[in-house]
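These figures come from a predicted structure and were not determined experimentally.
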Amino acid sequence: MNILETIESRRSVKHYDPEHVMPDEDLAKLIELTKLAPSSFNMQNYRLLVVRDPELRKELRAVAWDQAQVTDASVLFIMCADLTAHLADPAKYWSHAPQEVQDILGPAIKPFYEGKEQLTRDEAIRSSALAGMTLMLAAKGMGYDSCPMVGFDPDAVSKLINLPSDHVLSFMIAVGKETKPAWPRGERLPDSEVVIHDRFG
């Protein structure tokens with residue numbers, strides 16, 4: 001499947017085969033592909049919580065509107081992000097680059113975000129969203145279906161997964177083998193409502 005077919009065929013699937021077990025090599029490949037998603041300053045501040053424990057999945061389902069895909073999908077990913085990634089040694093992100101690039105970008109990361117809580121949080125959500133979309137497209141390309149989810153109690157989920165205080169919870173993604181197709185795709189809004197050229201107004 002090429003990328004255009006993948007984009008056109010990806011749907012938010014709600015019904016999964018609860019007996020399907022994703023092979024470890026598929027999971028590793030899916031994670032490998034997800035990590036190719038872009039992130040600001042290459043910080044890779046998204047965190048992929050891979051949930052396969054059946055009991056934990058049941059607890060998560062109970063605080064996620066009892067949505068079946070939480071327990072029935074082969075894997076549940078919880079997309080999070082580290083709010084302190086900008087404080088790490090920049091060599092962690094830029095050791096591959098020419099020295100002149102390291103000298104410019106490395107020292108710029110910390111002051112760009114330090115003391116700017118909203119920007120730091122926005123960046124965390126952006127990065128996890130980019131990683132999440134990459135994950136869903138990669139899953140489709142590998143023969144899996146997926147469903148992004150925000151229908152859950154974030155405080156309850158944070159407690160269940162022991163989310164660190166310096167991390168932010170973004171959304172969930174169920175990945176597995178479809179047993180029932182998604183509803184017909186909703187009509188896309190016209191360009192006149194969603195496309196703006198050059199500036200508003």
Side-chain angles (χ1 to χ4, degrees), residues 1-39 42-82 85 88 92-93 96 124-152 154 156-164 167-182:
M1 183 179 292
N2 68 38
I3 189 62
L4 299 182
E5 292 171 335
T6 302
I7 293 169
E8 290 173 346
S9 62
R10 187 217 59 81
R11 299 299 311 284
S12 295
V13 170
K14 308 291 186 184
H15 302 278
Y16 294 90
D17 177 1
E19 301 302 317
H20 179 268
V21 177
M22 182 182 290
D24 288 343
E25 56 268 28
D26 281 8
L27 177 60
K29 185 63 177 179
L30 187 53
I31 291 171
E32 177 188 344
L33 292 168
T34 299
K35 289 168 59 182
L36 297 178
S39 60
N42 196 39
M43 288 190 297
Q44 302 163 67
N45 46 337
Y46 52 81
R47 297 294 178 263
L48 311 175
L49 185 67
V50 182
V51 186
R52 293 200 282 183
D53 179 272
E55 292 307 312
L56 178 55
R57 298 266 291 270
K58 287 178 186 175
E59 293 181 278
L60 288 166
R61 177 171 171 169
V63 296
W65 304 354
D66 194 34
Q67 295 180 81
Q69 64 266 35
V70 174
T71 54
D72 292 353
S74 305
V75 180
L76 181 70
F77 291 90
I78 302 181
M79 308 301 294
C80 310
D82 182 355
K92 186 176 181 179
Y93 311 129
H96 65 285
I125 298 300
R126 272 192 288 269
S127 289
S128 59
L130 288 165
M133 191 70 245
T134 301
L135 188 157
M136 289 187 286
L137 291 175
K140 189 63 179 174
M142 292 173 61
Y144 290 95
D145 288 288
S146 63
C147 183
M149 303 172 58
V150 295
F152 54 84
V157 169
S158 297
K159 288 176 184 175
L160 285 170
I161 65 172
N162 298 324
L163 185 73
H167 283 52
V168 64
L169 179 65
S170 190
F171 62 109
M172 296 180 180
I173 304 175
V175 178
K177 292 293 186 176
E178 168 197 288
T179 58
K180 183 179 177 182

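- Remark: Cys80 SG to Asn45 CG distance equals 12.0 Å, nearest 0.5 Å.
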- [ ] Quick one: do Val50 and Ile31 satisfy side-chain contact (heavy atoms from CB on, under 4.5 Å)? Show the steps, please.
- [x] CA-CA 10 Å; Val50 182; Ile31 291 171; 4.1 Å; yes
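- Between Ser127 and Met43, every side-chain heavy-atom pair lies at or beyond the 4.5 Å cut-off.
- Pairing each heavy atom of Lys180 with each of Glu178, the nearest pair is O-CG, 3.4 Å.
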- [ ] Kindly determine whether Lys177 and Asp145 satisfy salt bridge (charged side-chain N to carboxylate O under 4.0 Å, His left out), including the steps that lead there.
- [x] CA-CA 6 Å; Lys177 292 293 186 176; Asp145 288 288; over 6 Å; no
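- A donor-acceptor pair under 3.5 Å links the side-chain atoms of Glu5 to the main chain of Asn2, judged by distance alone.
- A donor-acceptor pair under 3.5 Å is formed between the side chain of Arg47 and the backbone N or O of Gln44.
- Side-chain atoms of Thr179 and Asp72, non-hydrogen and from C-beta on, never get closer than 4.5 Å to each other.
- Arg57 places a side-chain N or O within donor-acceptor distance of the main-chain N or O of Val70, the cut-off being under 3.5 Å.
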| field | Stepwise side-chain contact (heavy atoms from CB on, under 4.5 Å) test for Val175 and Leu135 | value | CA-CA 9 Å; Val175 178; Leu135 188 157; 3.7 Å; yes
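- With Tyr16 contributing its side chain and Ala68 its backbone, the two residues share no donor-acceptor pair below 3.5 Å.
- Between Val51 and Met172 the shortest side-chain heavy-atom distance does not fall below 4.5 Å.
- For Tyr144, the side-chain hydrogen bond (donor to acceptor under 3.5 Å, both in side chains) partners are Asp26, not counting sequence neighbours.
- Evaluation of the salt bridge (charged side-chain N to carboxylate O under 4.0 Å, His left out) rule for Glu25 yields no partner, not counting sequence neighbours.
- The two residues Gly176 and Ala73 come nearest to each other via the heavy atoms N-CB, 4.5 Å.
- The CD atom of Gln67 sits 12.0 Å away from the CG atom of Leu60 when rounded to the nearest 0.5 Å.
- Residues Met149 and Cys147 approach most closely at CG-O, 3.5 Å, considering heavy atoms.
- Nearest heavy atom pair, residue Leu56 against residue Asp53, reads N-OD1, 2.7 Å.
- Rounding to the nearest 0.5 angstrom, the gap separating the CG atom in Leu130 from the CG atom in Leu36 is 13.0 Å.
- At least one side-chain heavy atom of Leu169 sits under 4.5 Å from a side-chain heavy atom of Phe152.
- Every residue two or more places apart in sequence or in another chain was checked for a side-chain hydrogen bond (donor to acceptor under 3.5 Å, both in side chains) with Ser39, and none qualifies.
- Note that the CG atom of Leu48 and the OG atom of Ser128 stand 9.5 Å from one another [nearest 0.5 Å].
- Here OG1 of Thr34 is found 7.5 Å from CD1 of Ile173. Values are rounded to the nearest 0.5 Å.
- Going from atom CE of Met142 over to atom CG of Leu33 covers 6.5 Å, rounded to the nearest 0.5 Å.
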Review point. Which is it for Lys159 and Glu59 under the side-chain contact (heavy atoms from CB on, under 4.5 Å) test, yes or no, and what are the steps along the way?
Key: CA-CA 11 Å; Lys159 288 176 184 175; Glu59 293 181 278; over 6 Å; no
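- The minimum heavy-atom distance between Met136 and Arg10, with the atom names listed, is CB-CD, 4.1 Å.
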Hey, mind stepping through Ser146 and Lys140 against side-chain contact (heavy atoms from CB on, under 4.5 Å) and telling me if it holds?
CA-CA 8 Å; Ser146 63; Lys140 189 63 179 174; over 6 Å; no
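- Closest non-hydrogen pair, Met79 versus Ala131, comes out as CE-CB, 3.9 Å.
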